[in-house]
Asker: 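Can you read through this structure? Questions will come right after.
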Number of protein chains: 2
Amino acid sequence: MTDQSTQPRPTLEAVAARAGVSRATVSRVVNGGEGVREPLVERVRRAVDELGYVPNQAARSLVTRRHDAVAVVIAEPETRVFADPFFALQLRGISKELTAHDSQLVLLLTEGRDDHARVARYLAGGHVDGALVFSLHLDDPLPSLIHGVPTVYGGRPGWSDGSHGVVYVDCDNRGGAREAVRHLVGLGRTRVAHITGALDQTSAVDRLDGFRDVMVDADPRLIVESDFTPGGGERAMRELLDRRPDVDAVFAANDLMAVGAMRALRERGRRVPEDVAVIGFDDMLPFTEQADPPLTTVRQDIEEMGRLMARLLLRGLDRSGSAVADVPSSVVLPTTLVRRVSA
Amino acid sequence: MTDQSTQPRPTLEAVAARAGVSRATVSRVVNGGEGVREPLVERVRRAVDELGYVPNQAARSLVTRRHDAVAVVIAEPETRVFADPFFALQLRGISKELTAHDSQLVLLLTEGRDDHARVARYLAGGHVDGALVFSLHLDDPLPSLIHGVPTVYGGRPGWSDGSHGVVYVDCDNRGGAREAVRHLVGLGRTRVAHITGALDQTSAVDRLDGFRDVMVDADPRLIVESDFTPGGGERAMRELLDRRPDVDAVFAANDLMAVGAMRALRERGRRVPEDVAVIGFDDMLPFTEQADPPLTTVRQDIEEMGRLMARLLLRGLDRSGSAVADVPSSVVLPTTLVRRVSA
DNA sequence: CGGCCAAAAGGGAGCGCTCTCAGCAATGAA
DNA sequence: TTCATTGCTGAGAGCGCTCCCTTTTGGCCG
């Protein structure tokens with residue numbers, strides 16, 4: 001275990017002694033140096049460097065009641081998180097933003113229901129300044145367990161009835177879906193199908209709604225419920241081909257399913273996009289670009305969503321801001337259609 | 001921002017008052033209840049529940065100098081982390097193990113060199129009990145910056161000269177590679193090529209060594225250096241086909257490259273496995289299973305590696321254990337060949 | 001050159017907890 | 001009955017820091 005050496009780390013006191021000033025002055029310098037005269041600032045800085053002083057966060061938190069830490073809760077039953085770079089990208093955005101604000105990222109992964117209580121207890125314990133919560137399913141009990149902690153959700157929670165003080169960041173799932181389907185229609189396709197995501201998530205529901213907005217009286221057989229996985233997309237496509245062999249376009253609720261659908265199409269001897277146009281959602285690079293054929297899809301800026309979530313949370317946390325300005329509200333990011341080969 | 005309500009949380013003091021005992025007794029009960037008589041334990045427990053008491057971790061850390069938190073450092077230049085479920089799986093294993101030990105996971109993602117100093121400072125700051133560090137490249141400056149924090153590395157660090165007190169968890173890259181290549185040879189293939197990973201990582205070097213162990217005097221043109229990405233694998237395969245059109249088998253240093261290679265092969269009209277057998281490494285589900293054709297590969301249990309890293313670190317941290325037994329040492333996990341269709 | 005005032009520096013309390021040690025009751029031995 | 005012993009429980013001292021409040025300093029005006 002590389003290095004256990006624990007020579008006692010220097011305290012504020014030690015720095016103060018070395019610089020020949022009081023603890024309070026060192027504290028002021030360490031926290032920005034406001035209202036301390038230049039020569040002293042200089043002396044203190046030198047002492048800090050020489051001693052390699054690093055503030056003890058525990059002691060600081062004890063009195064300030066801030067932690068400079070934010071919890072990221074990923075409540076996802078099993079697999080998806082790991083087949084899907086989605087969260088990794090969000091994490092990256094979050095991490096960048098938190099780093100810029102000197103906050104730490106405490107990652108809470110849950111496995112099954114029991115874990116929810118654990119997470120709730122942790123959040124309630126006031127160990128973090130706020131929470132970013134992901135991937136709630138409609139019936140997820142977690143939100144009701146979260147109290148007393150400022151929270152921003154990733155994706156519109158199912159129970160968010162309009163506003164009600166819930167803050168979330170989402171992309172324009174419905175609008176993006178509409179654009180995708182309109183694109184297919186614009187291509188001259190008339191038998192446009194939809195492979196839905198798991199309908200216990202609002203993103204899947206919203207994308208389905210977007211599909212219906214355009215295909216107002218679509219044959220119900222052209223809509224197949226699936227689950228956001230490649231395998232699910234493949235199965236759904238087969239079923240679609242059985243139900244309506246004349247299908248000439250498919251909008252899949254995410255890229256993974258679109259890729260699965262293309263596999264099923266190839267298997268059945270249909271060409272993409274000549275026989276059946278396929279369009280996905282997310283623009284999950286590099287999979288979309290390297291799919292065969294490269295996938296036309298609806299892009300959402302996932303990393304930006306993560307960054308925004310963190311920014312919103314931190315803004316809400318920032319007590320110094322003017323009272324009115326810093327009540328954050330939800331944000332819905334735009335999507336863009338990325339045309340490649342598949343549609 | 002869902003819920004800002006901050007009624008002051010109850011302290012030990014409050015619980016003590018309610019239970020009619022001293023602070024010390026409550027503390028004892030909260031920390032396991034050793035040496036406290038049953039009726040008192042009961043009374044304290046009730047008071048804790050009634051008040052919804054949760055210990056203040058900051059106050060506790062201040063005196064115990066433990067944090068019940070471990071940093072996970074992922075130092076990866078840009079893309080790979082996000083195209084590759086590798087880290088997600090490791091994180092999951094780590095998370096499980098830490099949760100079981102009531103430790104928190106503080107995630108530190110670095111972006112470029114400047115970040116290293118930040119991470120080093122954070123670790124040196126003694127905010128966590130230990131660190132799990134990933135994905136070091138041979139020339140990575142991070143290890144030299146880490147001092148005073150027990151650390152376990154994910155994957156053998158390049159500079160770990162035998163032992164030297166460095167603890168890491170890795171899989172048997174060399175042995176796995178040997179097995180893969182032997183399998184190809186056993187299939188009767190004689191022009192076996194290798195697409196390497198990024199050779200600034202020990203995993204890539206070890207896999208190359210394993211290849212050479214078996215193909216002792218391979219034509220150097222049958223070895224192409226690449227970078228672990230699908231695009232890299234594709235380019236490498238094309239080059240291989242140009243250099244040695246008679247190549248009849250390829251061992252790619254990971255699955256992503258194997259998939260890229262298969263794409264290049266298809267593009268050039270070679271059938272897999274009939275004309276060219278392909279084998280990967282990692283067994284990155286579901287990509288390997290759903291590749292076309294399903295990919296034969298060398299499996300390593302990534303989640304288990306994560307779990308093991310955490311376990312090793314925690315064991316080293318555990319002061320209560322007997323002095324001798326708990327000096328952890330590195331672990332190399334076995335790999336297994338998974339036969340599917342591509343070889 | 002003294003006095004006044006604002007700004008800068010210091011003193012000290014206390015955040016909530018753990019842990020050592022003292023106190024004290026109950027028990028058994030002398 | 002008395003005294004040592006054991007085993008709980010309580011009192012109190014800090015852990016390292018921030019922040020309020022007091023004291024000191026230094027600039028400037030009269």
Side-chain angles (χ1 to χ4, degrees), chain A residues 6-45 47-48 51-69 102 124-129 319-320, chain B residues 6-45 47-48 51-69 102 124-129 319-320:
Chain A
T6 314
Q7 76 286 68
R9 301 194 304 109
T11 70
L12 250 204
E13 191 78 48
V15 177
R18 176 154 197 130
V21 298
S22 73
R23 238 174 26 245
T25 298
V26 178
S27 177
R28 278 187 276 259
V29 171
V30 168
N31 292 294
E34 298 291 293
V36 179
R37 252 189 287 262
E38 194 44 46
L40 273 200
V41 172
E42 195 42 48
R43 247 174 43 219
V44 172
R45 289 250 161 80
V48 166
L51 265 41
Y53 170 76
V54 182
N56 179 324
Q57 182 62 37
R60 183 181 275 172
S61 295
L62 186 55
V63 32
T64 60
R65 277 125 201 296
R66 298 195 96 245
H67 299 86
D68 294 318
D102 287 316
H127 304 304
V128 290
D129 300 322
R319 293 93 196 254
S320 62
Chain B
T6 314
Q7 77 286 68
R9 300 195 306 106
T11 70
L12 250 204
E13 192 78 49
V15 177
R18 176 150 196 135
V21 298
S22 73
R23 243 179 16 250
T25 298
V26 178
S27 176
R28 278 187 277 258
V29 171
V30 168
N31 292 294
E34 298 290 296
V36 179
R37 247 189 292 261
E38 194 43 47
L40 273 200
V41 171
E42 195 41 48
R43 245 170 51 216
V44 171
R45 290 250 162 80
V48 165
L51 264 43
Y53 169 76
V54 182
N56 179 323
Q57 182 61 39
R60 182 181 275 172
S61 296
L62 185 55
V63 31
T64 60
R65 278 124 200 295
R66 296 195 96 245
H67 299 86
D68 294 317
D102 287 315
H127 304 305
V128 290
D129 299 323
R319 292 96 195 251
S320 62

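Only heavy atoms go into these numbers, but all of them, side chains included; no hydrogens, no water, no symmetry mates. Chain letters run A, B, ... following the sequence lines, proteins first, then strands; residues in each count from 1.
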Asker: Side chain of Tyr53(A), heavy atoms from C-beta onward: which of dC17(D), dC17(C), dT9(D) has the nearest atom to it?
Answerer: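 In terms of side-chain proximity for Tyr53(A), the closest of dC17(D), dC17(C), dT9(D) is dC17(D).
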
Asker: Is any side-chain heavy atom of Val29(B) less than 4.5 Å from a side-chain heavy atom of Val36(B)?
Answerer: yes

Asker: Rounding to an integer number of Å, can you tell me how far Glu38(B) CD sits from dC8(D) P?
Answerer: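 Atom CD in Glu38(B) sits about 12 Å away from atom P in dC8(D).
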
Asker: Closest approach to the side chain of Arg65(B), judged atom by atom: which nucleotide of dC15(D), dG16(C), dC19(C) is it?
Answerer: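 Per side-chain heavy atoms of Arg65(B), the pick is dC15(D).
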
Asker: Closer than 3.5 angstrom, by distance alone: can the side chain of Ser61(A) be matched with the main-chain N or O of Gln57(A) as a donor-acceptor pair?
Answerer: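 Flag set: sc Ser61(A) to bb Gln57(A) pair under 3.5 Å.
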
Asker: Examine dG12(D): is either OP1 or OP2 under 4.0 Å from a nitrogen or oxygen in the side chain of Arg23(B)? Give yes or no.
Answerer: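 No, because none of the side-chain N or O atoms of Arg23(B) sits under 4.0 Å from OP1 or OP2 of dG12(D).
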
Asker: Over how many whole Å does the gap from Glu13(A) atom CD to dG10(C) atom P extend?
Answerer: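 Roughly 12 Å, once rounded to whole Å.
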
Asker: Are any side-chain N or O atoms of Asp129(B) and backbone N or O atoms of His67(B), one a donor and one an acceptor, separated by less than 3.5 Å?
Answerer: yes

Asker: Figure out the CZ/C1' separation between Arg43(A) and dG10(C), and round it to whole Å.
Answerer: 14 Å

Asker: Would you give the length of the straight line joining atom CD of Glu38(A) to atom CZ of Arg45(A), rounded to the nearest 0.5 angstrom?
Answerer: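 Reported value, rounded in 0.5 Å steps: 7.5 Å.
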
Asker: Can you check whether Gly125(A)'s main-chain N or O pairs, donor with acceptor, with Arg9(B)'s side chain at less than 3.5 Å?
Answerer: yes

Asker: Rounded to whole angstroms, how far apart are CD on Glu34(B) and P on dC8(D)?
Answerer: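 Distance check: Glu34(B) CD to dC8(D) P gives 10 Å.
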
Asker: Take atom CG of Asn56(A) and atom P of dG14(D), then tell me their distance rounded to the nearest Å.
Answerer: 18 Å

Asker: Starting the side chain at C-beta, find the nucleotide from dG16(C), dC15(C), dT20(C) nearest to Val63(B).
Answerer: dG16(C)

Asker: Between dG10(C), dT18(D), dC17(C), which nucleotide has the shortest distance from any of its atoms to the side chain of Thr64(A)?
Answerer: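 Nearest to the side-chain atoms of Thr64(A), counting from C-beta on, is dT18(D).
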
Asker: Can you measure His67(A) atom NE2 to dC17(D) atom C1' for me and round it to whole angstrom units?
Answerer: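 For the pair His67(A) NE2 and dC17(D) C1', the rounded distance is 14 Å.
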
Asker: In terms of the nearest nucleotide of DNA chain D, which residue is placed more toward the 5' end: Val21(B) or Gln57(A)?
Answerer: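 Nearer the 5' end of the strand: Val21(B).
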
Asker: Between dG16(D) and Arg9(A), is there an OP1 or OP2 to side-chain N/O distance shorter than 4.0 Å?
Answerer: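 It does not, given that no N or O in the side chain of Arg9(A) lies less than 4.0 Å from OP1 or OP2 of dG16(D).
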
Asker: Return no unless some side-chain N or O of Asn31(B) is found under 4.0 Å from OP1 or OP2 of dT18(C).
Answerer: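 Yes, such a contact exists.
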
Asker: State, with a plain yes or no, whether a side-chain heavy atom of Val21(B) is found less than 4.5 Å away from one of Val26(B).
Answerer: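 The answer is yes; the side chains approach within 4.5 Å.
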
Asker: Send over the distance from Glu42(A) CD to dA9(C) P, rounded to a whole Å.
Answerer: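 Distance check: Glu42(A) CD to dA9(C) P gives 14 Å.
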
Asker: With a cut-off of less than 4.0 Å, is there a side-chain N or O of Ser22(B) near OP1 or OP2 of dA11(D)?
Answerer: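 Answer no for this pair, as no side-chain N or O of Ser22(B) is under 4.0 Å from OP1 or OP2.
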
Asker: Tell me whether the OP1 or OP2 atom of dT18(C) has a side-chain N or O from Arg60(B) closer than 4.0 Å.
Answerer: yes

Asker: Any side-chain N or O of Thr25(A) under 4.0 Å from OP1/OP2 of dG10(C)?
Answerer: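 It does, given that an N or O in the side chain of Thr25(A) lies less than 4.0 Å from OP1 or OP2 of dG10(C).
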
Asker: Whole-Å distance between dT24(D) C1' and Leu40(A) CG?
Answerer: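 Interatomic distance, CG of Leu40(A) to C1' of dT24(D): 13 Å.
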
Asker: Leu62(A) side chain: which of dG10(C), dG16(D), dG10(D) is closest?
Answerer: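 For Leu62(A), the side-chain atoms sit closest to dG16(D).
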
Asker: So if I take every side-chain heavy atom of Arg37(A) and compare against dC17(D), dC17(C), dA8(C), which nucleotide ends up nearest?
Answerer: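 Nearest to the side-chain atoms of Arg37(A), counting from C-beta on, is dA8(C).
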
